[in-house]
Amino acid sequence: MKRRSIRFRLAVWYSAVLALALVAFGGVSWIAVRHVLFHTADETLRDRVEGVRKFMNEQIGALSVEEIRDEFKEHSVLGPGGDLFQVCDADGVWLYRSAPLENGGVPIRLPRDVPAAGVSEDRTVAGAELRLLARRVEVLGKPYTIQVAVPMHELKEGLSGYAWALIVLIPAVLLIATAGGWWMSRRALQPVNQIIDAARSIGEQSLARRLPVPETQDELQRLSETLNQMLGRIESAFRRITEFTADASHELRTPVALIRTTAELALRKQRTTEEYREALEDVHAESVRTTDLIENLLTLARADAGKATLDRRELDLAQVVREASVQGEKLAGVRNLRFRTEVPDSPVPAIGDPSALRRLLLIVIDNAVKYTPEGEITVRLLSANGNPQVQVSDTGIGIPQGDLARVFERFYRADKSRSRDSGGAGLGLSIAKWIAEVHQGTIEARSEQDRGSTFILTLPGATATP
Ligand SMILES: Nc1ncnc2c1ncn2[C@@H]1O[C@H](COP(=O)(O)OP(=O)(O)OP(=O)(O)O)[C@@H](O)[C@H]1O
Ligand SMILES: [Mg+2]
């Protein structure tokens, strides 16, 4: 089936329900009105029987049948309903017989054939619809049948008039209500169309644009706000990716340019073997750095894509710290720095990927070595509130207070010129932070300029993680 707009479906449903309700209302009210009218007619008939009975009670004893007939004739023209009544006694002798009923051939029952509750019937007499009531009464100890009638013509006319009014009014009301509903749903859904138009105009170049927020305090306002928040997240993710690509290309260009210049210079004229060797060594050193850089970029790209899988298992953190320290000691040795470790002999259980954690520690130790001209590097493994914690302290140049929060950002270097000399791209700590977070741990930096820095890795206790 073809999908229709919400507005169309709303209007159809609304009209259908309304039509049903109106028809039900019309039907029920017509039946109720009819019931009331017929009930009133029956009531009138009963009153008239009672009137005739009273009249007989007062008059019948003193009068002969002939006289009674005359009395009836006189009275009948005065009472309501005219002379539409007839009376007969137990032997079927008429005390009074109205001309229209007689001419219409309306029979009367003998008193003994009439049940106590009376007999009601509808008849057409000489083209007029009548409702009749026959009742048995006792007057001065003798049974009689009294039969009275009312014309139903006016009542039925009124009833059919009412039916016609309903037949005309119901569609009219339905039409007006449907038109009103159609108009109202257009008004209510107007913001949706605006949101659709605005959303359509947002492309990758215009991610900063936002959807209009209708001040309606309803679902549509919440929808717009939620979509805008989502757009905000997409925009910042998109910006991060664009910046990452730009920074990565920029970082890659420098070593590749260096390799190229070195090679071009070496090739410009005939060189001695020594000079070639030197050039090749430069090329080699630069390509090693480039490989490391590409390795780091790949790690972060995989982390972003959620494709980097880490092995999570129970491990001895003391063992991991010891292994990283062995390499750290070598790095420190090259720079003539003292290297101390304070690691307990007993195992420190944790859950994680040993090689990733080793990599994290080496990133931090490598920084400590790089940014410490002289002095000492200390690696400690301890327990903080039941959580294993590794602290790497140095006595190096430190990090200015303003940069402390940003050192974990990608490509961020506190001192651009110096870092470039030591070959850092500013990716180490962002990888360290990612590894810490994947382990549900934290890494933070404390530092005092010219006095040294401490990087603190805290992992959740072995029992805290599955
Ligand atoms: N121990 C430290 N002492 C002083 N400054 C530090 C220390 N560790 C990090 N920094 C500062 O934080 C910056 C970011 O460190 P990060 O490890 O992310 O990058 P990098 O060392 O410059 O390059 P990479 O690690 O990618 O080779 C460094 O450039 C440096 O300015
Ligand atoms: Mg580093």
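Ligands are counted one by one from 1 in listed order, and the atoms in each one are counted from 1 as well.
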Practice prompt. Report the residues that fulfil salt bridge (Lys or Arg N to Asp or Glu O under 4.0 Å) with Glu43, sequence neighbours left out, ordered by chain and then residue number.
Written response: Arg46
Worksheet item: If we only count N/O pairs under 3.5 Å, is Ser430 in contact with ligand 1?
Response: no
Worksheet item: Going by atom types only, do Glu323 and Gln319 share a side-chain donor-acceptor pair under 3.5 Å?
Response: yes
Item to complete: Decide salt bridge (charged side-chain N to carboxylate O under 4.0 Å, His left out) for Glu243 and Arg240; before the verdict, give the C-alpha distance in whole Å, the side-chain angles of both, and the deciding distance to 0.1 Å.
Response: CA-CA 5 Å; Glu243 279 170 9; Arg240 259 210 333 267; over 6 Å; no
Worksheet item: Is Asn367 close to ligand 1, meaning an N/O of one under 3.5 Å from an N/O of the other?
Response: yes
Fill in: Ala425, any N or O under 3.5 Å of ligand 1 N or O
yes
Discussion item. What I'd like to find out is whether the side chain of Arg289 reaches to under 4.5 Å of the side chain of Leu293, using heavy atoms alone.
Written reply: no
Item to complete: With heavy atoms of Gly398 as the reference, note each atom of ligand 1 found under 4.0 Å away.
Response: 4 (C), 5 (N)
Discussion item. I want to know if ligand 1 touches Arg413 in the polar sense, i.e. an N/O pair below 3.5 angstrom.
Written reply: no
Worksheet item: How does Phe455 reach ligand 1, by side chain, by backbone, by both or by neither, if only non-hydrogen atoms under 4.0 Å count?
Response: side chain
Practice prompt. Compare Phe408, Tyr371, Tyr412 and give the one whose heavy atom is closest to atom 20 (P) of ligand 1.
Written response: Tyr371
Practice prompt. Check if Gly396 has a non-hydrogen atom at a distance under 4.0 Å from any atom of ligand 1.
Written response: no
Worksheet item: Going by distance only, is there an N or O of Ile363 that falls short of 3.5 Å from an N or O of ligand 1?
Response: no
Practice prompt. Could you list which atoms of ligand 1 come closer than 4.0 Å to a heavy atom of Leu429?
Written response: 9 (C), 15 (O), 16 (P), 17 (O), 18 (O)
Worksheet item: Any chance the side chains of Ser430 and Tyr412 put a donor and an acceptor closer than 3.5 Å?
Response: no
Worksheet item: Do any nitrogen or oxygen atoms of Asp394 lie less than 3.5 angstrom from nitrogen or oxygen atoms of ligand 1?
Response: yes
Fill in: Donor on one side chain, acceptor on other, Glu225 and Gln221, under 3.5 Å
yes
Worksheet entry | Val148 backbone acceptor or donor facing Arg135 side chain under 3.5 Å | no
Worksheet item: Any idea which atoms of ligand 1 are less than 4.0 Å away from a heavy-atom of Gly426?
Response: 18 (O), 19 (O), 20 (P), 22 (O), 23 (O), 24 (P), 26 (O)
Worksheet, complete the sentence: Note: Asp403, heavy atoms under 4.0 Å from ligand 1, region reported as neither
Worksheet item: Do NZ/NE/NH1/NH2 and the carboxylate oxygens of Arg410 and Asp304 come within less than 4.0 Å?
Response: yes
Practice prompt. Record the part of Ala414 in heavy-atom contact with ligand 1 below 4.0 Å; permitted values are side chain, backbone, both and neither.
Written response: both
Discussion item. So that I can tick it off, tell me whether Arg268 and Glu264 are bridged by a salt bridge, with the cut-off set at under 4.0 angstrom between side-chain N and carboxylate O.
Written reply: no
